[in-house]
Amino acid sequence: MASSLKLHPSGNGLRFLPGYFDRQAQESLVGEIRQAIAQAPLFQPVMPRTGKAFSVRMSNCGPLGWVSDIDGYRYQPHHPDSGRTWPPIPQRLLDLWEDVAAGAPEPEACLINFYAPGARMGLHQDRDEEDLSAPVVSVSLGDTAVFRVGGTNRKDPTTSMKLASGDVVVLGGNARLAFHGIDRVLAGTSTLLANGGRLNLTLRRVTPVRQEG
DNA sequence: TAGTATCG
DNA sequence: GACG
């Protein structure tokens, strides 16, 4: 009981899969993400309206990528700096999606968040997707993060949990629109990334499925 | 308010 | 000084 996840307040829509990827798989993923970042360099997102910089740097792979700039949040097919299309989502992540989001249409975006030591992410909802029926699937790589999750109202109570390298979190069902964020990254807790920090990969379906016909 | 500083 |  001591180590089990309390279901309140996110209900049974939050699934925590600790140790989903073993070390070897994590190393492969890091290599694949490094390749993606070589093609689509990390960019510096800023808050809409205020232009204040995020402490997290981002890139994407997949047909669509999430960006934030002075004009707002949106998904777009091109890197904001280079104008190039995003690189493909690694097969290993498509396999993960098939495993934990079976039945959902294929993911269109994989947001790559890089947390250098000291970077954080405030409490927020993932709600820029047109199709909110598919879950959001998150992979943690590198240093352990202190993750905070609440309910669908910003004022709802929150709980925190540590996300270690290789852990997977699925936000689906009544947790699909749960507020969540990263309070801090615990330096020196992983040897996966040579220079420390944390990579977080989140797979999302963005557009509704269009039926053939 | 997907930020950050500050405060209790 | 850590935490929320």
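Note on naming: letters A, B, ... go to the chains in the order of the sequence lines (proteins, then strands), and numbering restarts at 1 for each one.
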Engineer: Determine, answering yes or no, if A:Trp66 is stacked on B:dA2 under the 5.5 Å centre rule and the 30° plane rule.
Structural biologist: yes

Engineer: Return the orientation label for the A:Phe147 and A:His180 ring planes: parallel under 30°, perpendicular over 60°, tilted otherwise.
Structural biologist: tilted

Engineer: Between P on B:dT4 and CZ on A:Phe54, what's the gap in Å once rounded to a whole number?
Structural biologist: 9 Å

Engineer: Rounded to the Å, how far apart are A:Ile182 CD1 and B:dT1 P?
Structural biologist: 19 Å

Engineer: Taking only side-chain N and O atoms of A:Ser55, does any of them lie within less than 4.0 angstrom of OP1 or OP2 on B:dG3?
Structural biologist: no

Engineer: State the pairing partner of B:dC7; accept Watson-Crick or G-U wobble contacts with both distances under 3.5 Å, and report none otherwise.
Structural biologist: C:dG4

Engineer: Could you tell me how far apart A:Glu129 (CD) and B:dA2 (P) are, to the nearest whole angstrom?
Structural biologist: 13 Å

Engineer: For the OG1 atom of A:Thr159 and the CZ atom of A:Arg148, what is their distance to the nearest 0.5 Å?
Structural biologist: 7.5 Å

Engineer: Measuring to OP1 and OP2 of B:dA2, would you say a side-chain N or O of A:Arg57 lies under 4.0 angstrom away?
Structural biologist: no

Engineer: Between B:dG3, B:dT4, C:dC3, which nucleotide gets closest to the side-chain atoms of A:Arg120?
Structural biologist: B:dT4

Engineer: What is the nucleic acid contact for A:Asp128, judged by heavy atoms within less than 4.0 Å: base, sugar-phosphate only, or nothing?
Structural biologist: base

Engineer: Nearest whole Å is fine: how far is B:dG3 C1' from A:Ile70 CD1?
Structural biologist: 13 Å

Engineer: Counting the atoms with a prime plus P, OP1 and OP2 as sugar-phosphate, which does A:Arg148 contact under 4.0 Å by heavy atoms, base, sugar-phosphate, or nothing?
Structural biologist: sugar-phosphate

Engineer: Over how many whole Å does the gap from A:Lys52 atom NZ to B:dT1 atom P extend?
Structural biologist: 8 Å

Engineer: Does this structure show an ion pair linking A:Arg204 with A:Asp131, if we count only N-O contacts that are shorter than 4.0 Å?
Structural biologist: no

Engineer: Determine the Euclidean distance between corresponding C1' atoms of B:dT6 and B:dT1; express it in Å to zero decimal places.
Structural biologist: 16 Å

Engineer: Using whole Å, what does the distance between atom P of nucleotide B:dT4 and atom CZ of A:Arg49 come to?
Structural biologist: 16 Å

Engineer: Please tell me whether A:Tyr115 and A:Leu199 are part of a single hydrophobic cluster in this structure, the criterion being side-chain heavy atoms less than 4.5 Å apart.
Structural biologist: no

Engineer: If two hydrophobic side chains count as joined below 4.5 Å and joins carry through other members, does A:Val169 share a cluster with A:Leu201?
Structural biologist: no

Engineer: Starting at atom CG of A:Asp183, determine the distance to atom C1' of C:dC3, rounded to an integer number of angstrom.
Structural biologist: 9 Å

Engineer: Starting at CG of A:Leu123 and ending at P of C:dC3, how long is that distance when rounded to a whole Å?
Structural biologist: 17 Å

